[in-house]
A.B. asks: 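This is the structure I want to talk about, given as structure tokens.
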Amino acid sequence: MADRAVGVFRASSRLVRLCPDQVRRTRFRRTGLGRRGLAEDHVYAFLRRIADELTARNAAEAGLREENARLKNALREWQSLHGSKPRHLADQG
């Protein structure tokens with residue numbers, strides 16, 4: 001499987017992200033003489049790559065959602081401790 005476009009990607013090689021155009025442009029080798037269809041090893045390797053990429057993206061998204069919730073809560077807490085009074089209440093004194 002020397003074809004880089006259909007190689008198996010592991011979590012440690014996430015520097016190059018899989019993009020939709022790569023999926024659309026991917027072509028698989030034909031099987032040898034006497035057989036019809038595509039080379040199964042290339043198809044399955046590509047499917048593993050897509051699954052790995054989606055797993056990594058889902059994990060990154062979940063982490064970002066958690067961080068976003070943490071930051072929102074921290075901001076609300078800060079605002080409740082340090083927030084200014086509305087202007088009409090501040091004038092009354």
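Quantities reported herein were computed from a predicted structural model and do not represent experimental measurements.
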A.B. asks: CD of Q22 to CD1 of I50: how many Å apart, nearest 0.5 Å?
C.D. replies: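 Q22 CD to I50 CD1: 10.0 Å, rounded to 0.5 Å.
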
A.B. asks: Look at R57 together with E53 and state whether they make a salt bridge at an N to O cut-off of under 4.0 Å.
C.D. replies: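 Yes, R57 and E53 are salt-bridged.
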
A.B. asks: Counting C-beta onward and ignoring hydrogens, is there a side-chain heavy-atom pair between T31 and E40 closer than 4.5 Å?
C.D. replies: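 Side-chain contact under 4.5 Å: no.
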
A.B. asks: Is the shortest distance from a Lys or Arg side-chain nitrogen in E61 or R65 to a carboxylate oxygen in the other one below 4.0 Å?
C.D. replies: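 Salt bridge flag = yes for R65 with E61.
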
A.B. asks: Is the shortest distance from a Lys or Arg side-chain nitrogen in R49 or D52 to a carboxylate oxygen in the other one below 4.0 Å?
C.D. replies: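 Here R49 does not pair with D52 in a salt bridge, since their nearest N and O are not under 4.0 Å apart.
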
A.B. asks: Rounded to the nearest 0.5 Å, how far apart are CG of L64 and CG of L71?
C.D. replies: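 The distance works out to 10.5 Å.
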
A.B. asks: How long is the gap from CG on L38 to CZ on R27, to the nearest 0.5 Å?
C.D. replies: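 Reported value, rounded in 0.5 Å steps: 10.5 Å.
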
A.B. asks: Is the CD atom of E77 crowded by more than 12 outside heavy atoms at less than 6.0 Å?
C.D. replies: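 Counting other residues, nucleotides and ligands, CD of E77 stays at 12 neighbours or fewer.
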
